[in-house]
Enquirer: 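Let me give you the structure first, and then I'll get to my questions.
Throughout, protein chains are lettered first and strands after them, A, B, ... in sequence-line order, and every chain is numbered starting at 1.
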2 protein chains.
Amino acid sequence: MAARDYGQYSGITQAMEIVGERWALLIVRDLLVGPRRYGELAAGLPRIPTNILAARLKELQAAGVIRRAPRSRVIVYELTPYGRELEPVILALGAWGFKAMGDPREEQIITPDSMTMDLRTTFRPDVAATLPATAYAAHFGSTELLIRVDGPSLDVRRGDGAADLAFASGPGIRRLIAGELAPDRAIESGVVQVLSGQGNLLHRFADTFHLAA
Amino acid sequence: MAARDYGQYSGITQAMEIVGERWALLIVRDLLVGPRRYGELAAGLPRIPTNILAARLKELQAAGVIRRAPRSRVIVYELTPYGRELEPVILALGAWGFKAMGDPREEQIITPDSMTMDLRTTFRPDVAATLPATAYAAHFGSTELLIRVDGPSLDVRRGDGAADLAFASGPGIRRLIAGELAPDRAIESGVVQVLSGQGNLLHRFADTFHLAA
DNA sequence: CTGAATCCGTTGCGATACTG
DNA sequence: CAGTATCGCAACGGATTCAG
């Protein structure tokens with residue numbers, strides 16, 4: 001820590017010394033979705049070496065950002081209250097990065113947790129509050145998310161369920177959320193495939209989840 | 001980039017691939033205060049190796065976060081509009097880290113730019129708007145800042161100037177801002193030394209710059 | 001089978017020296 | 001003053017092995 005600290009006394013350097021190491025904030029991101037087991041974290045961060053994951057978990061624990069908790073016979077990792085206060089940081093960073101996203105590279109995948117946080121990032125509670133409560137079932141490759149919007153509140157969880165609109169999409173969904181692609185065009189061009197429900201509900205989805213440039 | 005990317009298609013991983021490298025966000029932090037020359041950046045980041053600074057500047061430029069600009073015969077680095085959009089990220093990170101700060105370690109220093117951003121982080125525009133316009137001259141070791149609060153707006157610049165309250169302080173100022181130390185106690189205990197003006201203006205300062213736990 | 005620890009090759013970082 | 005070059009080391013990446 002002596003050679004790797006920033007030698008400065010300020011809020012940002014302090015934060016960087018705690019969560020500035022590679023992978024640390026991505027672990028926090030996934031834990032913002034919910035408590036996770038070691039293997040679940042490894043699965044959500046496909047390229048993380050197992051020794052690095054173990055090291056980060058220890059460091060984040062020592063810093064009071066996460067804790068190990070026994071949950072019905074197995075260990076899960078979860079954020080402490082202080083760790084949960086990183087949510088605004090993750091959301092701000094996610095919004096900033098979202099604008100720089102292009103088309104996905106070959107090896108880039110979408111995980112349920114990363115998609116969940118991207119949805120939280122782009123969610124507009126003020127807009128949603130003016131719209132009727134709606135449930136969307138979204139299929140991104142093999143990951144299925146049930147997205148429930150009710151007034152200004154958002155709930156995303158894995159799995160399927162009753163929904164007003166069910167659709168499948170690849171990474172092209174980003175262009176819909178970014179406003180680069182109109183909902184109608186998204187359906188016409190096959191970027192989004194409506195599986196059930198009225199296709200024009202995709203307008204509502206695009207209004208609810210949107211990040212202006 | 002192939003071995004060091006995160007292999008995921010999401011806003012946060014995209015952001016981390018651009019500004020996630022060591023030192024990158026600290027460079028952005030200092031540039032949020034204003035355009036800076038190479039040597040000024042090096043001086044503000046005392047422990048950064050010069051080759052790393054050069055490398056980061058190139059990477060940030062390539063990513064469209066900063067640009068080199070000629071300013072009256074010399075080159076300065078400045079944020080692009082997109083780079084400036086990192087301000088909410090830096091402020092959120094700074095606020096989070098601020099809460100974890102303890103007493104400074106031996107080698108930790110305070111730079112004018114880092115202190116300026118810490119002040120911006122803890123500035124409460126809503127509170128300031130209810131208070132009279134006030135100018136503070138703050139001396140932290142060898143760095144002098146002129147802090148002008150006028151309604152909900154804050155202006156911090158280096159150097160001295162006419163002020164309603166001039167004071168000197170060491171890193172103990174953090175405890176004042178964190179609310180751990182009352183303004184009166186700060187003066188009594190010598191943590192803050194009033195150089196000119198009415199000492200009770202320090203109350204106003206503590207109200208204006210404050211971060212609750 | 002999950003949750004790691006170990007080993008080793010590679011890369012990025014830290015420190016210092018050097019150059020236009 | 002604004003970088004570039006060099007070198008040792010610590011951290012990372014990948015695979016394998018080990019413990020509960």
Side-chain angles (χ1 to χ4, degrees), chain A residues 1-8 13 16-27 30-31 34-63 66-78 105 107-109, chain B residues 1-8 13 16-27 30-31 34-63 66-78 105 107-109:
Chain A
M1 196 63 146
R4 249 183 114 66
D5 77 53
Y6 289 103
Q8 244 185 214
T13 49
M16 296 306 291
E17 290 183 2
I18 299 176
V19 293
E21 302 292 317
R22 197 164 160 70
W23 294 105
L25 277 180
L26 297 183
I27 293 171
D30 282 7
L31 291 181
R36 291 284 179 268
R37 303 173 55 166
Y38 185 95
E40 293 174 322
L41 288 170
L45 277 4
R47 299 179 62 107
I48 196 174
T50 167
N51 56 342
I52 300 295
L53 176 55
R56 290 295 170 275
L57 289 173
K58 279 208 183 73
E59 294 159 10
L60 291 173
Q61 238 179 297
I66 68 174
R67 72 164 77 96
R68 287 166 60 111
R71 275 280 202 292
S72 63
R73 305 185 52 101
V74 298
I75 298 271
V76 297
Y77 294 90
E78 62 182 15
R105 295 193 299 272
E107 82 285 3
Q108 288 187 313
I109 66 166
Chain B
M1 196 62 146
R4 248 183 113 66
D5 76 52
Y6 289 103
Q8 242 183 213
T13 48
M16 295 307 290
E17 289 182 4
I18 300 175
V19 294
E21 302 291 314
R22 199 165 158 68
W23 294 105
L25 278 179
L26 298 183
I27 294 170
D30 282 8
L31 291 180
R36 292 284 179 269
R37 303 173 53 167
Y38 186 94
E40 294 174 319
L41 288 170
L45 276 3
R47 300 178 62 108
I48 196 174
T50 170
N51 55 342
I52 299 295
L53 177 54
R56 290 292 170 276
L57 289 174
K58 280 207 183 76
E59 294 159 8
L60 291 173
Q61 241 179 292
I66 68 174
R67 73 164 76 96
R68 287 166 61 112
R71 276 282 203 290
S72 63
R73 305 186 51 96
V74 298
I75 297 270
V76 297
Y77 295 90
E78 63 183 15
R105 295 193 299 271
E107 82 285 3
Q108 288 187 312
I109 66 166

Enquirer: Tell me, please, which residues at least two apart from B:R37 pass salt bridge (charged side-chain N to carboxylate O under 4.0 Å, His left out).
Expert: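 With neighbours one apart ignored, the set is empty.
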Enquirer: Excluding sequence neighbours, so at least two apart, what forms ring pair (Phe, Tyr, Trp, His ring centres under 6.0 Å) with A:Y6?
Expert: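 Once residues adjacent in sequence are excluded, the partners of A:Y6 under the ring pair (Phe, Tyr, Trp, His ring centres under 6.0 Å) criterion are B:W23.
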Enquirer: Does B:N51 or B:R37 map to a spot on DNA chain D nearer the 5' end, using the closest nucleotide for each?
Expert: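 So the residue in question is B:R37.
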Enquirer: List the residues meeting side-chain hydrogen bond (donor to acceptor under 3.5 Å, both in side chains) with B:E59, not counting sequence neighbours, and say none if there are none.
Expert: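 B:R56.
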Enquirer: Below 3.5 Å between N/O atoms, which protein atoms pair up with nucleotides 17-20 of chain C? Just atom names and distances, please.
Expert:
none

Enquirer: Is the phosphate of D:dA2 approached by B:K58 (side-chain N or O, under 4.0 Å from OP1 or OP2)?
Expert: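 Answer is no, no contact under 4.0 Å.
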Enquirer: Should A:R56 be listed as having a side-chain N or O under 4.0 Å from OP1 or OP2 of D:dC12?
Expert: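 A:R56 to D:dC12 OP1/OP2: side-chain N or O found under 4.0 Å.
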Enquirer: Using a 4.0 Å heavy-atom cut-off across all strands, classify A:R73 as base, sugar-phosphate, or nothing.
Expert: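 Here A:R73 touches no strand at all.
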Enquirer: Checking B:R71 now: which residues fulfil salt bridge (charged side-chain N to carboxylate O under 4.0 Å, His left out) with it, not counting sequence neighbours?
Expert: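 Partners of B:R71 by the salt bridge (charged side-chain N to carboxylate O under 4.0 Å, His left out) criterion, ordered by chain and then number, come out as B:E78.
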Enquirer: Taking OP1 and OP2 of D:dC12, is either one under 4.0 Å from a side-chain nitrogen or oxygen of B:Y6?
Expert: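 The answer is no; no side-chain N or O of B:Y6 sits under 4.0 Å from OP1 or OP2.
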Enquirer: From C-beta outward on A:Y38, which listed nucleotide comes closest to its side chain: C:dG12, C:dA15, C:dG3?
Expert: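 Nucleotide nearest to A:Y38's side chain: C:dG3.
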Enquirer: Output the pairing pattern of DNA chain C as a dot-bracket string, 5' first, Watson-Crick or G-U wobble with both distances under 3.5 Å, | for cross-strand pairs, [ ] for crossing pairs.
Expert: |||||||||||||||||||.
Enquirer: With a cut-off of less than 4.0 Å, is there a side-chain N or O of A:R47 near OP1 or OP2 of D:dC12?
Expert: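 Answer is no, no contact under 4.0 Å.
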